[in-house]
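Below is one structure, written out as structure tokens; the observations come after it.
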Amino acid sequence: MPAPRVRIAPSPTGPLHIGTARTALFNYLYARRTGGTFVLRLEDTDLARNTIAFEEDILENLHWLGIGWDEGPDSAGGEDHGPYAPYRQMQRTADHVAAAKDLLARDLAYPCYCTPEELDADRKAQEAAHEAPHYVGRCANLTPEERSEREAAAKRPAVRFRVEQGVVGWHDLVRGDVEFDTANIGGDFLIVRSDGSPLYHFAVVVDDASMEMTHIIRGEDHISNTPKHILLFEALGHEIPKFAHLPLILNPDRTKMSKRKSQTAVADYRAQGFLPEALVNFLSLLGWSTGTEEEILSLDDIAGRFDLEHVQKGGAIFDKDRLEWLNGQWIRKLEPEDLIERLLPFLEADHQAGRIDRVPTAEELRPLIPIIQERLPTLASAGDLVGFLWQDKVTVDPAVLVPKRWDAATTLAGLRAARETISSSTAPIDFEADELEPPMRALAEARGWKAGDLFMAVRVAVTGRTATPPLFDSLVALGRDRVLARIDAAIDTLERSEDAA
RNA sequence: GCCCCCAUCGUCUAGAGGCCUAGGACGCCACCCUUUCAAGGUGGAGAUCACCGGUUCGAAUCCGGUUGGGGGUACCA
């Protein structure tokens with residue numbers, strides 16, 4: 001048996017979709033597992049909606065996910081590589097035209113002169129008669145005379161493929177045997193438009209045939225297209241590839257995942273600070289499982305064990321909570337230097353957006369890693385977690401400044417005492433978490449305060465928030481001067497709000 | 001409407017006739033750890049395996065039907 005050839009054929013009419021990424025991933029995995037070849041082909045025939053920016057987005061984000069292809073375009077608008085080039089549908093029109101001519105010559109297809117208006121009327125009549133929509137066959141048996149008559153009237157024909165009566169079936173690699181009666185596929189179907197351009201069903205089959213695809217692994221939404229494809233492969237005299245239809249990725253309401261109801265662009269997840277490792281791990285487990293209880297798996301791990309037998313048949317809801325959990329798992333596995341490198345662009349973005357006043361250096365980030373790594377659900381959450389370090393000033397709400405068990409007067413006393421204690425440290429020598437904590441605890445004890453309350457008051461004074469990394473590490477990161485200045489500022493705002501009250 | 005596909009905790013899933021009084025994970029709840037928040041640990045709630053009927057000594061697993069959900073029904077891809 002020859003090595004499998006599989007493909008993903010996205011159309012650059014939108015950014016890389018989660019569903020496309022998942023299908024690409026499964027094809028990629030299948031190829032890697034079986035020693036096959038994974039092909040990327042661009043379905044770029046929709047001139048109206050195609051853009052180079054989308055093409056770029058698709059290729060770039062597949063690369064980002066780590067899903068590389070053996071044959072196909074190297075980059076957006078760039079060169080193709082592989083023995084079956086070109087890998088852009090637009091550049092394969094000669095093939096499509098030749099194949100159509102061939103079918104026409106063998107009377108497996110015929111020119112159709114029906115106008116959209118006629119077709120529309122047919123459809124309406126069928127609807128009224130409660131019939132399934134189908135082509136009525138008006139042009140199926142035109143005589144040569146009748147054809148030339150229409151040609152003379154300057155009618156440009158489309159090309160229609162003859163569908164004979166019978167049953168088309170296949171053994172689906174994930175669903176088992178599937179059968180369709182050709183009576184239910186809508187009659188003779190169009191393969192070439194009147195302007196000469198091929199329709200999707202025809203173009204894919206011609207391309208898949210000439211690129212020698214052995215397995216077509218795609219979404220379940222293509223099941224009902226499969227009989228047409230099989231008929232076309234047969235007519236073209238090409239061996240019929242194996243089909244495997246993957247379950248759909250669903251919106252929370254169990255409908256097919258869509259932009260309207262879910263976030264579908266891979267780029268958006270990327271921008272939100274999801275790791276490619278996490279996304280790939282998550283996507284692979286949507287509709288497939290190892291058969292064991294392991295679930296934190298790298299792309300290589302998965303490629304080593306992927307199989308179509310463990311592909312689920314039912315659709316799977318995209319559970320973002322689970323993705324976030326997986327993302328946290330992967331963030332915690334990262335080497336510190338790697339984390340720093342990945343964090344920087346997000347802090348850059350925080351700066352651009354005005355959420356922080358300057359971007360820290362890698363050196364500044366390094367000592368922070370131990371305290372933030374286990375607290376980050378996403379890379380984008382770093383700014384939220386420790387952004388106070390790079391903000392010129394923090395806004396402190398007097399209401400949250402006062403710990404639950406304290407009143408304003410106690411808070412004022414607490415902050416003044418804490419300031420005193422902290423300022424007596426001889427920075428930078430003593431300004432270390434280990435040096436700061438004991439005197440602060442001693443202070444709390446001496447005054448009869450719960451340490452937690454005192455710490456909370458200082459935490460809010462210095463960061464503006466109630467949830468932060470450990471207090472003393474935060475103080476050290478901030479530096480003595482800024483800590484003191486912020487406590488002063490907090491005391492000041494608390495006093496003012498008291499005066500106002 | 002018609003055709004096709006699907007059906008195990010809220011969610012992702014394990015399960016290929018006895019190992020299942022159905023396992024894991026996310027989420028949720030509680031406790032532990034603890035200066036807050038996380039992370040981590042422990043425990044808990046949560047599924048009459050959609051329903052009905054077969055087959056079988058025995059069914060979540062096989063068969064049929066019902067119901068429910070989804071997908072497809074274009075000179076879109």
Side-chain angles (χ1 to χ4, degrees), chain A residues 9-11 13-14 43 45-46 48-49 89 112 114-116 119-120 123 126-127 130-134 156 158-160 172 174-175 178-181 183-186 189-195 197-201 203-204 219-227 245 247-248 250 252-256 282 285-296 309-310 312-326 328-329 331-332 371-377 381 385 403 437 440-441 444 450-456 458-460 463 465-472 474:
Chain A
S11 86
T13 53
E43 221 97 296
T45 44
D46 190 338
R49 295 188 298 152
Q89 198 158 69
C112 175
C114 295
T115 63
L119 263 12
D120 205 47
R123 196 169 7 253
Q126 288 160 2
E127 211 167 293
H130 296 289
E131 284 174 42
H134 61 277
R156 295 260 59 86
V159 180
R160 215 172 261 281
D172 196 283
V174 350
R175 277 147 222 279
V178 183
E179 277 189 353
F180 278 81
D181 191 315
N184 294 317
I185 67 176
F189 59 91
L190 249 17
I191 56 176
V192 179
R193 293 188 186 85
S194 46
D195 69 1
S197 62
L199 272 97
Y200 168 75
H201 295 305
V204 252
E220 185 188 342
D221 47 348
H222 282 288
I223 282 190
S224 50
N225 295 330
T226 306
H245 288 95
L248 261 20
L250 274 21
D253 65 0
R254 296 213 148 266
T255 54
K256 180 163 79 164
F282 176 73
L285 260 17
L286 270 191
W288 174 79
S289 67
T290 58
T292 70
E293 283 169 0
E294 301 150 274
E295 38 200 342
I296 310 295
E309 290 72 54
H310 281 90
Q312 201 79 15
K313 294 191 192 76
I317 293 175
F318 188 98
D319 181 2
K320 205 171 174 181
D321 281 343
R322 198 173 152 78
L323 206 212
E324 272 190 21
W325 168 75
L326 259 178
Q329 296 295 316
I331 285 181
R332 269 160 247 137
I371 62 171
I372 65 175
Q373 186 158 23
E374 63 198 22
R375 281 166 235 273
L376 293 174
S381 53
L385 192 62
E437 187 168 348
M440 286 287 277
R441 285 194 185 278
K450 296 200 82 166
D453 291 332
L454 177 64
F455 294 177
M456 184 53 85
V458 175
R459 169 179 293 113
V460 175
T463 68
R465 29 198 335 167
T466 54
T468 68
L471 179 62
F472 298 103
S474 300

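Letters go in sequence order (proteins before strands), and every chain restarts at 1.
- The main-chain N or O of A/Leu250 is never found under 3.5 Å from a side-chain atom of A/Arg254 such that the two would form a donor-acceptor pair.
- In this model, the phosphate group of B/rU8 is not approached by any side-chain N or O of A/Gln312 to a distance below 4.0 Å at OP1 or OP2.
- The salt bridge (charged side-chain N to carboxylate O under 4.0 Å, His left out) analysis of residues 286-296 of chain A, with sequence neighbours excluded, yields the pairs A/Glu294-A/Arg305, A/Glu295-A/Arg322.
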Protein-nucleotides 49-51 of chain B N/O pairs closer than 3.5 Å?
none

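- With rounding to whole Å, A/Leu286 atom CG is found 16 Å from B/rC26 atom P.
- Looking only at distances, no side-chain donor or acceptor of A/Asp221 sits under 3.5 Å from a matching main-chain atom of A/Leu248.
- The CZ atom of A/Phe318 sits 15 Å away from the P atom of B/rG27 (whole-angstrom rounding).
- Nucleotides B/rG46 and B/rC9, compared at atom P, are 14 Å apart to the nearest Å.
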query: How does each nucleotide of nucleotides 28-42 of chain B score, in 5' to 3' order, for protein heavy atoms under 4.0 Å: base (B), sugar-phosphate only (S), or none (-)?
result: -------BBBBSS--
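- For A/Glu220 and A/Arg175, the salt-bridge test passes: some basic side-chain N is under 4.0 Å from an acidic carboxylate O.
- Between the side chains of A/Ser197 and A/Arg193, a donor-acceptor pair is found at a separation under 3.5 Å.
- Counting heavy-atom neighbours within 6.0 Å of A/Glu131 CD, excluding the residue itself, gives a total above 12.
- Here B/rG23 presents its C1' atom at 12 Å from CD of A/Glu295, a figure rounded to the nearest Å.
- Look at CH2 on A/Trp288: it is 13 Å from C1' on B/rA14, rounded to the nearest Å.
- For A/His310, counting side-chain heavy atoms from C-beta on, the closest listed nucleotide (B/rC26, B/rC5, B/rG15) is B/rG15.
- Distance CG (A/Leu323) to P (B/rA25): 19 Å, rounded to an integer number of Å.
- Closest heavy-atom contact between A/His134 and A/Gln126: O-NE2, 2.7 Å.
- In terms of the ring pair (Phe, Tyr, Trp, His ring centres under 6.0 Å) criterion, residue partners of A/His201 (sequence neighbours excluded) are, by chain and number, A/His229.
- Between the OH atom of A/Tyr200 and the CG atom of A/Asp46 there is a distance of 13.0 Å, given to the nearest 0.5 Å.
- Taking all atoms of both residues into account, the shortest heavy-atom contact from A/Val174 to A/Gln312 is CG2-O, 4.3 Å.
- Distance, A/Phe282 CZ to B/rC12 C1': 8 Å, rounded to whole Å.
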query: Reading nucleotides 70-77 of chain B from the 5' end, what letters show protein touch, with B for base, S for backbone sugar-phosphate only, - for no heavy atom under 4.0 Å?
result: SSSSSBSB
For nucleotides 19-21 of chain B, print each protein N/O atom paired with a nucleotide N/O atom at under 3.5 Å, atom names and distance only.
none

